[in-house]
Protein chains: 2
Amino acid sequence: MIQIDYKDSRPIYEQIVDKFKTLILKGVLSTDEKMPSVRSLALELAINPNTIQKAYAQLEREGFIYTVKGRGNFVAEKEDLVMEKKQEILEQFRQLLIAATEVGIPKEELVNLVSNFVKEQ
Amino acid sequence: MIQIDYKDSRPIYEQIVDKFKTLILKGVLSTDEKMPSVRSLALELAINPNTIQKAYAQLEREGFIYTVKGRGNFVAEKEDLVMEKKQEILEQFRQLLIAATEVGIPKEELVNLVSNFVKEQ
DNA sequence: TATGTGTACTATTATTACTAATACACTAAG
DNA sequence: CTTAGTGTATTAGTAATAATAGTACACATA
């Protein structure tokens with residue numbers, strides 16, 4: 001299911017993270033499906049379990065999977081993922097609005113920018 | 001004018017960059033004023049000229065100073081700095097708007113967010 | 001042409017990131 | 001309550017990167 005490319009300069013754990021993100025977003029892995037265990041995947045890829053652990057920890061931080069101690073890792077709901085992403089973007093939006101007024105970009109300009117963008121779409 | 005804090009864990013060049021940013025933004029150093037030469041400041045701080053060079057290169061990249069080969073480094077115009085910052089923010093704003101629609105945040109929500117923000121200020 | 005300036009290249013050192021080895025802790029099933 | 005399967009924490013070794021320094025080059029101007 002997962003393969004490491006040693007010609008790829010990116011760290012192993014990062015490759016694993018990206019592969020699983022794709023599998024989850026494409027729906028190849030479905031909600032609540034069990035992920036391969038840390039040990040079994042480590043064995044399969046002939047690498048250390050801690051490297052898998054690092055990848056899974058990141059996937060969990062980013063909301064792609066959830067962990068149940070002693071039971072395993074499972075695919076999270078796509079809906080939750082999208083919600084989380086939305087929250088992130090809205091927060092960035094707020095931060096940027098604050099930064100914009102701090103440098104003295106007039107409010108009208110911001111309003112115009114958004115409404116123009118909306119019209120274009 | 002500039003002092004290195006060896007208890008500070010940040011790299012030397014970064015400390016120098018930040019000190020000069022503050023001095024420039026506060027107006028202690030005024031437009032077109034000559035910066036200390038790479039060598040003289042290196043001598044004063046008892047560090048390698050290349051470390052100063054690295055700091056100056058970054059200040060130039062960020063628009064705080066401009067360089068004339070063989071003559072020295074000089075303080076840039078504050079106005080230019082603000083303009084540049086504005087451009088950056090507007091670009092981020094555009095990127096964020098695109099990202100927002102990609103995750104399916106409705107346009108109305110974006111418009112509301114901005115107009116509410118404008119009212120609050 | 002001499003002196004002061006920035007710059008490029010290389011080497012060394014320090015710091016951080018990555019991976020691995022090992023031991024611990026939780027869960028469920030027999 | 002023991003065993004097999006699971007995630008987790010701690011530590012150590014190695015690899016990669018960032019920071020700094022040494023040195024030599026190139027440009028500007030008096």
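Order of the sequence lines fixes the chain letters, A, B, ..., with proteins taken first and strands second; residue numbering starts at 1 for each chain.
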Requested in this report: Measure from CG on A/D8 to P on D/dA15 and round the result to the nearest Å.
Outcome: 19 Å

Requested in this report: Look at B/R71 and D/dT29 and indicate whether a side-chain polar atom (N or O) is within less than 4.0 Å of OP1 or OP2.
Outcome: yes

Query raised in the report: So, for B/L41 and B/P36, which heavy atoms are closest and what is the spacing to 0.1 Å?
Result: CB-CB, 4.1 Å

Query raised in the report: Are A/K54 and C/dC18 close enough that a side-chain N or O sits under 4.0 Å from OP1 or OP2?
Result: yes

**Report entry** B/V75/B/L23 under side chain to side chain contact (heavy atoms under 4.5 Å, CB included): CA gap, chis, key distance, verdict
**Finding:** CA-CA 10 Å; B/V75 178; B/L23 290 175; over 6 Å; no

Report summary line: Heavy atoms of B/L90 and A/E109 approach each other most closely as CD1-OE2, 3.6 Å

Requested in this report: Rounded to the nearest angstrom, tell me the gap between atom CD in B/E14 and atom C1' in C/dT16.
Outcome: 14 Å

Query raised in the report: Should A/Y13 be listed as having a side-chain N or O under 4.0 Å from OP1 or OP2 of C/dC18?
Result: yes

Report task. Rounded to the nearest angstrom, tell me the gap between atom CD in A/Q58 and atom P in D/dT8. Result -> 14 Å

Query raised in the report: Which nucleotide, D/dT8, D/dT20, C/dT7, lies nearest any side-chain atom of B/T67?
Result: C/dT7

Requested in this report: Would you tell me if any nitrogen or oxygen in the side chain of B/Q53 comes within less than 4.0 Å of OP1 or OP2 on C/dG6?
Outcome: no

Query raised in the report: Tell me: NZ of B/K34 to C1' of D/dT29, nearest whole Å?
Result: 13 Å

Requested in this report: Check A/E44 against A/M1 and note the closest heavy-atom contact, atom names and distance.
Outcome: OE2-N, 4.1 Å

Query raised in the report: If only side-chain N and O atoms of A/T51 are considered, is one of them under 4.0 Å from the OP1 or OP2 phosphate oxygen of C/dA20?
Result: yes

Query raised in the report: Under 4.0 Å between a side-chain N/O of B/K69 and OP1 or OP2 of D/dA26, yes or no?
Result: no

Requested in this report: Ignoring backbone atoms, test whether B/N73 places a side-chain nitrogen or oxygen under 4.0 Å from the OP1 or OP2 oxygen of C/dG6.
Outcome: yes

Requested in this report: Please identify each residue that fulfils ring-ring contact (aromatic ring centres under 6.0 Å, His included) with A/F20, with sequence neighbours left out.
Outcome: A/Y56

Report task. Specify the residue among A/G70 and A/I47 whose closest nucleotide of DNA chain C lies further upstream toward the 5′ end. Result -> A/I47

Query - Proximity to the side chain of B/N48 - top-ranked nucleotide from D/dA21, D/dT8, C/dT5 - result: D/dA21

Requested in this report: Measure the distance from CD1 on B/I12 to C1' on D/dA18 and round it to the nearest whole Å.
Outcome: 13 Å

Query raised in the report: Between atom CZ in A/R39 and atom C1' in C/dC24, what is the gap in whole Å?
Result: 10 Å

Report task. Measure from CG on B/L41 to P on C/dG4 and round the result to the nearest Å. Result -> 17 Å

Report task. Find the distance B/R10:CZ to D/dT20:P and express it as a whole number of Å. Result -> 11 Å

**Report entry** D/dG5 OP1/OP2 closer than 4.0 Å to side-chain N/O of A/S37
**Finding:** no

